[in-house]
> 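Have a look at this one.
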Number of protein chains: 2
Amino acid sequence: MNKILIFGVGLIGGSIALSAKKSGFASDIVGVGRNQDNLNDAIKLKLIDRTSQDLKKDISEAHIIIIATPVAQFPVILQLIQPHLSSHTIITDVGSTKTDVIESAKQILGPQYSQFIGGHPIAGSEKHGATAAHIDLFKNKNVILTADQETSFEAKQKIEMLWKNAGAIVSNMSHNDHDKIFSTISHLPHLLAFSLVDMITQRKNANELLKFAASGFKDFTRIAASSPEMWKDITLANKKFILEDIQLFENQIKLLKEAIEQEDTKKILALFENASKTRNEWSK
Amino acid sequence: MNKILIFGVGLIGGSIALSAKKSGFASDIVGVGRNQDNLNDAIKLKLIDRTSQDLKKDISEAHIIIIATPVAQFPVILQLIQPHLSSHTIITDVGSTKTDVIESAKQILGPQYSQFIGGHPIAGSEKHGATAAHIDLFKNKNVILTADQETSFEAKQKIEMLWKNAGAIVSNMSHNDHDKIFSTISHLPHLLAFSLVDMITQRKNANELLKFAASGFKDFTRIAASSPEMWKDITLANKKFILEDIQLFENQIKLLKEAIEQEDTKKILALFENASKTRNEWSK
């Protein structure tokens, strides 16, 4: 039975806490956060057992420390825990980008980097905060861990167990592969959706356009309602791969534009058929 | 009470038939289509009263003719009905583009163009065919009519009534305004979604990418599962405005790319905040 210390008891942190407790994986769960109302909610909802009254003690006694705050706070939290870290404590995170997190962890934890393993649960919701947490959030969802040669066997084993107890499907890959993959399937679509909505707001007839926008637009732009702060951080953290993907997408759009200009029916149809077939098969 | 002749008794045509009958707007509804199984379904489901045994007679006796087939068939159908058209018959359509349809109608119907009024119900579904038809399909949905100076008062009045009886919110605008608006809020998003999925299929690791794609990708690309045939027609029919919108989107992406290259946090955040605010307010 594990003692777990969670920084950031929101949707993700709270849901991990809930499943760790219900599955018997954790005995004592301590929550840390900047928002006292949210921590009170987390206690009322029994996501955590208590808040920390003595952070140094809770850090040194924790079997697992989970960092589930916005990514920008990670370095500060790593610096906060590092002096009090015992040799048996495993640290993990839930950030959407991994190269930047791993670099911080290596730099700040030094020789204790072996106790750190990066994580990214591919689950979420528009909702946030402790009140949005629920035990099925990770059920049958992918969780990516980014263990490398320096990562200890204990770190890999323990964090894999943590996620499997939450019902997740655990994969391991390099932080580089992670960031390259998510640039294409997550970060690029977000940037395209933000860009389309921003473009529309610049039109004189923006209100008329939005009045007639229907369900296709609604789904396409749902991710444009995401947190600007969080996505600014992701965009800068994954700059290299995102710029590569934007370039590839620009090439793709250029080819389509040329096909339309030339009324190249065959090429346009081939592109749409390829996309439609892939999308239909994927959703099965 | 109106006699209605419908070409294409699918999701849209079938749903109009259903509401016209239930509301008492139509007495006799005759269906025409290439797919006999679909027509049999339409009779069984009581969407239509019968199929046509004498098309010339049914054309000449109809109060309203609705063309609800794929847009590519419109000119052939207009040519088919034109010789038998009485002076009291009103013709309308449900196509996603309007300039091409109006041009066909003017050319083929000649002086009887005044009896034609273009229409576009902003409603649909991934499902199609008579079995997908339902009476609430147009309830509180926008329907755009594109009457112009030549359109008769009777055409405007009758088709507005047809849609209001189906629960729709009816607006009128020029075919040009229609095609410009829908290029931005519907056609462009479809092309972006098709392009993203097509781009992913070209990657060596396409299967791995799709394996980790989650709910954001799912919603963003839902419209990439749309009919390639239909969207090829729309793209070519609305070529002019679509090319203008692609150009504007390319400029938009170029600005974002430069902001990312320069790590211009302020500019990136402003763009995301603008989009997020607009999208959140729109969905309320």
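Chain identifiers are assigned alphabetically (A, B, ...) following the order of the sequence lines, protein sequences preceding nucleic acid strands; residue numbering begins at 1 within each chain. From a predicted model like this one, the values you see are computed outputs, not experimental measurements.
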> Using non-hydrogen atoms only, which part of A:Met230 is less than 4.5 Å away from chain B: side chain, backbone, both, or neither?
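Looking at A:Met230, nothing touches chain B.
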> Measure A:Lys240 against the heavy atoms of chain B and call it side chain, backbone, both or neither at under 4.5 Å.
neither
> Highest number of heavy-atom pairs under 4.5 Å with chain A: which of B:Ile122, B:Ile169, B:Ile200, B:Leu191?
B:Leu191
> Select, from A:Phe182, A:Phe249, A:Trp282, the one with the greatest count of heavy-atom pairs under 4.5 Å involving chain B.
A:Trp282
> Heavy-atom distances under 4.5 Å only: say whether A:Glu229 touches chain B with side chain, backbone, both or neither.
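The answer is both parts of A:Glu229.
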> For A:Leu210, is it the side chain, the backbone, both or neither that has a heavy atom under 4.5 Å from a heavy atom of chain B?
both
> Checking B:Thr201 against chain A: side chain, backbone, both or neither under 4.5 Å from a heavy atom?
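Just its side chain gets close to chain A.
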> Check each atom of A:Leu256 against the heavy atoms of chain B and say whether the ones under 4.5 Å are side chain, backbone, both or neither.
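For A:Leu256, side-chain heavy atoms alone lie under 4.5 Å from chain B.
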> Tell me which one of B:Phe194, B:Phe241, B:Trp231 satisfies ring pair (Phe, Tyr, Trp, His ring centres under 6.0 Å) with B:His187.
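Only one option passes, and that is B:Trp231.
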> Is chain B contacted by the side chain of A:Leu209, its backbone, both, or neither, given a heavy-atom distance below 4.5 Å?
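Backbone plus side chain of A:Leu209, per the 4.5 Å heavy-atom cut-off to chain B.
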> So what's closer than 4.5 Å to chain B heavy atoms on A:Ile144: side chain, backbone, both or neither?
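It is the side chain, since no backbone atom gets that close.
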> With only heavy atoms counted, which part of A:Thr221 is less than 4.5 Å from chain B, the side chain, the backbone, both or neither?
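For A:Thr221, heavy atoms of backbone and side chain both lie under 4.5 Å from chain B.
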> Of the backbone (N, CA, C, O) and the side chain (C-beta and beyond), which part of A:Leu192 lies under 4.5 Å from a heavy atom of chain B, both, or neither?
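Both parts, backbone and side chain.
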